[in-house]
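Hydrogens, waters and symmetry mates play no part in the numbers below; they use all other heavy atoms, side chains included.
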There are 2 protein chains.
Amino acid sequence: MSSITQAGLKTENASGSRILLLDPAPPSGNGAAGASTDTHRFDAQPLIASLERRDALSDEERQALRDLPWRLKRYGDSEEIVAEASRPTESCLLVDGIAARSRHLANGNRQLTALHVSGDFVDMHGFFLKVMDHAVVALTPVTVAFVPHRDVQRLATEMPHLGRMLFMMVAIDAAIQRNWIACMGRMEPIRHLAYMVCEVYKRLEIVGRVENGSFDFPLTQAEIADLVGLSIVHTNRTLQDLRATGFTTWKGNRIVIHDWDGLAKLADFDPTYLNLFHHPR
Amino acid sequence: MSSITQAGLKTENASGSRILLLDPAPPSGNGAAGASTDTHRFDAQPLIASLERRDALSDEERQALRDLPWRLKRYGDSEEIVAEASRPTESCLLVDGIAARSRHLANGNRQLTALHVSGDFVDMHGFFLKVMDHAVVALTPVTVAFVPHRDVQRLATEMPHLGRMLFMMVAIDAAIQRNWIACMGRMEPIRHLAYMVCEVYKRLEIVGRVENGSFDFPLTQAEIADLVGLSIVHTNRTLQDLRATGFTTWKGNRIVIHDWDGLAKLADFDPTYLNLFHHPR
DNA sequence: CGCTGGGTTGATCGGTGTCAATTCGTGTGG
DNA sequence: CCACACGAATTGACACCGATCAACCCAGCG
């Protein structure tokens with residue numbers, strides 16, 4: 001596996017896709033920093049890896065993905081990538097970092113309704129929905145690639161199988177969200193957190209962001225709380241309970257999994273919903 | 001609007017689609033009753049109404065939908081329409097009644113993760129996902145129409161716009177689920193219930209199942225509890241609180257909305273996510 | 001007329017949110 | 001090098017929301 005830093009620096013590539021060298025991401029913790037636009041050719045590998053985990057792509061399909069008119073952009077920690085109520089004319093793909101869909105409630109609270117990692121075609125939803133009913137925000141410094149809706153539409157029309165593969169990602173997102181609903185409604189907080197660790201682990205593994213059972217996950221506890229729908233204080237205490245199981249070490253920006261089976265059992269985690277199997281689609 | 005009974009009896013049709021006369025649905029409350037297969041030509045109107053609320057369909061597209069090789073089937077209350085872990089080769093469209101996606105947890109609890117009404121292409125998800133990670137169950141007697149995946153695929157390939165419209169329903173389902181996550185995570189139960197009433201009202205209105213601000217919603221409180229992730233007792237008490245607002249009467253099988261604005265304000269309900277506007281897609 | 005399933009109520013207890021204070025870690029400026 | 005500021009993590013105290021258990025009511029039905 002190629003060496004990858006958190007900022008998306010990619011120094012080698014075994015699969016023949018273009019090589020991208022980016023400057024380091026802008027400093028984190030500065031929501032006011034303007035996002036930078038970057039004209040480098042982007043790295044389609046996370047997306048391709050994610051798709052090929054579900055069905056084979058032909059050389060033409062892989063090339064067609066790379067040949068889309070991507071527009072690269074960077075965002076700092078906590079910056080907004082897509083605004084609520086906006087009408088995007090481009091879809092965005094998360095190349096590197098972690099982002100989330102965020103919904104603001106009238107009482108001032110927010111709930112994060114989806115988590116996205118490298119290779120996620122975050123705004124395929126916007127391709128269908130036209131008006132954003134939520135925002136997409138960066139939870140770490142991220143690199144995002146935008147592509148006009150019309151090009152996605154053309155691609156899907158000219159290459160129906162590839163189109164289905166892209167739309168499949170929407171269906172997988174929906175499956176993930178259904179499992180979140182189940183977690184929120186019927187699981188004790190410790191199981192819910194364990195579930196989140198399991199899911200993120202599996203999703204990062206697909207795109208090569210896991211080494212030796214550990215991965216970066218630099219979210220604050222306030223962000224975790226908004227993900228699982230708990231208060232910050234209770235999130236903190238539940239995290240301590242989770243650490244006490246010994247199944248995982250979750251300290252600072254890094255999560256280490258010591259006992260996958262124990263963690264998966266605690267979380268009642270069944271990866272079927274992630275569709276991690278090859279199948280004609 | 002044509003007159004429509006809960007069982008799907010349709011006696012007239014302003015839009016020129018075929019007319020269907022079905023026998024009454026099987027008696028409810030009998031989960032053991034076998035589902036019946038029905039060879040009548042089915043009524044595509046709810047689906048077409050649902051799609052045309054989002055973008056215009058051509059005559060050819062409407063006809064192509066009707067000409068799909070639908071296979072009609074009825075299910076009694078609480079029957080399973082699609083089993084967990086099954087590998088369906090057909091997608092199913094809910095023609096009449098109410099159904100839900102159901103996820104079973106290890107502790108014996110269940111959580112309903114989505115609600116479906118007439119016109120919902122319930123198992124477009126299965127078209128992409130191949131293995132069911134959840135079950136689809138009837139919450140009332142329902143009429144379901146099945147169509148082979150290969151025909152959906154052929155249709156989407158030959159008529160790309162129509163294909164996008166069908167896939168859009170998956171994206172809308174996902175948007176609905178994101179709002180459920182926000183409801184579960186950050187809303188008081190009474191607001192959550194109010195939200196559910198608002199959403200069901202809007203969705204039933206699209207397919208002509210609302211008259212004078214009221215509609216049938218024959219779910220037990222146990223089912224409501226599994227929808228919102230509360231205990232039965234607490235669901236009961238919260239329902240009483242909701243009735244006490246006077247915004248809505250929810251008694252037995254029928255919900256009447258007396259004060260939409262009050263209810264929507266209580267629920268912080270913004271229908272943007274339902275995409276109830278015409279737009280080229 | 002009793003059975004049954006759904007709805008309702010009361011009592012109790014643990015889980016969870018809230019408020020407030022303290023500690024920790026890191027970057028900044030003197 | 002130290003003092004300080006700031007955000008994040010942590011801890012304690014306390015109130016209350018919501019789950020659980022156990023009755024009881026009620027309507028439909030055999």
Side-chain angles (χ1 to χ4, degrees), chain A residues 26-33 76-79 98 105 107-111 139-141 183-194 216-244 248-255, chain B residues 26-33 76-79 98 105 107-111 139-141 183-193 216-244 249-255:
Chain A
S28 67
N30 186 355
D77 195 3
S78 301
E79 280 193 272
I98 296 176
L105 301 228
N107 56 19
N109 284 17
R110 79 164 180 175
Q111 172 73 43
L139 296 186
T140 69
C183 287
M184 302 191 77
R186 296 294 188 209
M187 268 185 177
E188 297 101 43
I190 188 173
R191 294 179 195 277
H192 189 175
L193 282 176
D216 279 329
F217 198 63
L219 305 203
T220 67
Q221 291 187 2
E223 289 165 332
I224 312 271
D226 283 341
L227 278 170
V228 296
L230 296 175
S231 69
I232 297 179
V233 171
H234 200 64
T235 300
N236 177 283
R237 292 186 165 124
T238 308
L239 276 174
Q240 294 178 45
D241 293 342
L242 182 60
R243 287 187 199 116
T248 178
T249 306
W250 183 342
K251 196 74 182 166
N253 294 345
R254 193 133 186 113
I255 296 180
Chain B
S28 68
N30 185 355
D77 195 4
S78 298
E79 280 192 89
I98 296 176
L105 301 229
N107 56 21
N109 284 18
R110 78 164 181 176
Q111 173 72 42
L139 296 186
T140 69
C183 287
M184 302 191 77
R186 294 297 186 207
M187 270 187 175
E188 297 103 41
I190 188 174
R191 295 180 195 276
H192 189 174
L193 281 177
D216 280 328
F217 198 64
L219 306 203
T220 67
Q221 292 188 359
E223 288 166 332
I224 312 272
D226 284 341
L227 278 170
V228 295
L230 296 175
S231 67
I232 297 180
V233 171
H234 201 63
T235 300
N236 176 285
R237 291 184 166 125
T238 308
L239 276 174
Q240 294 177 43
D241 294 342
L242 183 60
R243 288 187 198 116
T249 306
W250 183 341
K251 195 75 181 167
N253 293 347
R254 194 134 186 113
I255 296 181

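At whole-Å resolution of the value, CD in A:Gln221 and P in D:dA9 are 4 Å apart. The separation between A:Asn236 atom CG and D:dT11 atom C1' is 8 Å, rounded to whole Å. Summarising the geometry, the separation between CZ on B:Arg237 and C1' on D:dT20 is reported as 10 Å, rounded to the nearest angstrom. The CG-P distance, from A:Asp77 to D:dG7, rounds to 14 Å in whole Å. Across the protein-nucleic acid pair, A:Asp241 atom CG and D:dT11 atom P stand 11 Å apart, rounded to whole Å. Whole-Å rounding puts the B:Met187 CE to D:dG18 P distance at 14 Å. The CD1-C1' distance, from B:Ile232 to D:dA22, rounds to 14 Å in whole Å. Regarding B:Arg191, its CZ atom lies at a distance of 15 Å from the C1' atom of D:dC17, rounded to whole Å.
When distances run from any side-chain atom of A:Gln240 to the nucleotides D:dT10, D:dA8, D:dG12, the shortest one goes to D:dT10.
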Next on the checklist: Please evaluate residues A:Asp216 and A:Ile98 with respect to the criterion side chain to side chain contact (heavy atoms under 4.5 Å, CB included), reporting the C-alpha separation (whole Å), side-chain torsions for both, the decisive distance (0.1 Å), and the verdict.
Outcome noted: CA-CA 10 Å; A:Asp216 279 329; A:Ile98 296 176; over 6 Å; no
Item to check | Verdict with reasoning, A:Ile255 to A:Thr249, per side chain to side chain contact (heavy atoms under 4.5 Å, CB included) | outcome: CA-CA 6 Å; A:Ile255 296 180; A:Thr249 306; over 6 Å; no
Item to check | Full working for side chain to side chain contact (heavy atoms under 4.5 Å, CB included) between B:Asn253 and B:Phe217 | outcome: CA-CA 5 Å; B:Asn253 293 347; B:Phe217 198 64; over 6 Å; no
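B:Ser231 comes within 4.0 angstrom of a nucleotide base, judged by non-hydrogen atoms across all strands. Nucleic acid contact class of A:Leu239 (heavy atoms, under 4.0 Å, all strands): none.
Proximity of B:Ile224 to B:Leu193: side-chain heavy atoms (C-beta onward) are separated by under 4.5 Å at one or more points.
The backbone N or O of B:Arg110 sits less than 3.5 Å from a side-chain atom of A:Arg186, completing a donor-acceptor pair. No donor-acceptor pair under 3.5 Å is formed between the side chain of A:Arg191 and the backbone N or O of A:Cys183. Here the side chain of B:Gln111 pairs a donor or acceptor atom with the backbone of B:Asp226 at under 3.5 angstrom.
Side-chain nitrogen and oxygen atoms of A:Arg243 include at least one within less than 4.0 Å of the OP1 or OP2 phosphate oxygen of D:dT10.
When DNA chain C is scanned 5' to 3' for any atom under 4.0 Å from a heavy atom of chain A, the first and last hits are C:dT16 to C:dC19.
Each of A:Arg186 and A:Thr220 was matched to the nucleotide of DNA chain D holding its nearest heavy atom; the match closer to the 5' end belongs to A:Thr220.
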